[in-house]
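Here's the structure, in structure tokens; my notes come after.
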Amino acid sequence: MKKIEAVVRLEKFDAVKGALEAEGFTGLTAYRVRGRGRQGGVRLQWRGVREFRVDLIPKVKMELVVDDGDVERVINIISRAAYTGEVGDGKIFVIPVEDAYRIRTGERGRDAL
């Protein structure tokens with residue numbers, strides 16, 4: 001099993017979630033985060049006069065655990081749905097998961113997903 005963590009633009013979250021659901025991946029955890037990548041934040045102008053720097057950009061971090069065989073499929077789904085072609089589209093991380101437990105039923109491993 002693998003844990004997939006994806007950090008995407010706020011405005012792309014619904015598209016990514018919908019694309020995952022359409023392919024049968026319904027279980028996920030999402031929360032708002034703030035961060036920056038290579039761009040180091042952005043510079044904004046207020047009323048054309050004052051310039052200020054936004055150091056940490058609001059994003060959504062999504063986490064889901066999938067079977068090893070579904071990893072590439074999920075990465076492709078997220079990548080397609082989150083893509084704008086602009087700096088700041090996000091990142092996807094894949095992390096090994098040793099085991100999983102479903103508290104309600106006691107199922108373990110793949111059955112707990």
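These numbers come from the heavy atoms of this one structure, side chains and all, not from hydrogens, waters or symmetry mates. Here, residue 1 is the first one in the sequence, and each next residue gets the next number. All values derive from a computational prediction rather than experimental measurement.
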Option passing side chain to side chain contact (heavy atoms under 4.5 Å, CB included) with S79 (candidates I92, V8, D89): I92

Validation: residues 69-76 side-chain donor-acceptor distances under 3.5 Å, sequence neighbours left out:
unit_1	atom_1	unit_2	atom_2	d
R73	NH2	E23	O	2.9
R73	NH2	E23	OE1	3.3
N76	ND2	E72	O	3.2

Set of residues satisfying salt bridge (Lys or Arg N to Asp or Glu O under 4.0 Å) with respect to [X], sequence neighbours excluded:
{"X": "D111", "answer": "none"}
{"X": "K91", "answer": "none"}
{"X": "D14", "answer": "none"}
{"X": "E21", "answer": "none"}

Point-to-point distance, once rounded to the nearest 0.5 Å, from OG1 of T26 to CG of L20: 9.5 Å

Interatomic spacing from NZ in K3 to CZ in F93 - rounded to 0.5 Å: 11.5 Å

Intermediate values then yes/no, side-chain contact (heavy atoms from CB on, under 4.5 Å), K2 and D68: CA-CA 6 Å; K2 300 283 192 257; D68 289 341; 3.3 Å; yes

Co-membership, hydrophobic cluster, residues I77 and V94, 4.5 Å side-chain: yes

Co-membership, hydrophobic cluster, residues I78 and V7, 4.5 Å side-chain: no

side-chain hydrogen bond (donor to acceptor under 3.5 Å, both in side chains) partners for K61, two or more places apart: E5

Qualifying salt bridge (Lys or Arg N to Asp or Glu O under 4.0 Å) pairs with a residue from residues 24-33, counting only residues at least two apart or across chains: none

Partners passing side-chain contact (heavy atoms from CB on, under 4.5 Å) against E86 (at least two apart in sequence or in another chain): R9, T84

Residues in side-chain contact (heavy atoms from CB on, under 4.5 Å) contact with A30, at least two apart in sequence or another chain: F13, L28, V60, M62

List the atom pairs, with distances to 0.1 Å, where a side-chain N or O of residues 102-109 and a protein N or O form a donor-acceptor pair under 3.5 Å, not counting sequence neighbours.
unit_1	atom_1	unit_2	atom_2	d
R102	NE	E107	OE1	2.8
R102	NH2	A112	O	3.0
T105	OG1	E107	N	3.3
T105	OG1	E107	OE1	2.7
R108	NE	D99	OD2	2.6
R108	NE	Y101	OH	3.4
R108	NH2	D99	OD2	3.0
R108	NH2	Y101	OH	2.7

For the student: nearest non-hydrogen atoms of G27 and L64, plus distance: O-CB, 3.5 Å

Donor-acceptor contact present, side-chain D67 to main-chain M1, <3.5 Å: no

Side-chain cluster (under 4.5 Å, hydrophobic types only) that V87 belongs to, other residues: none

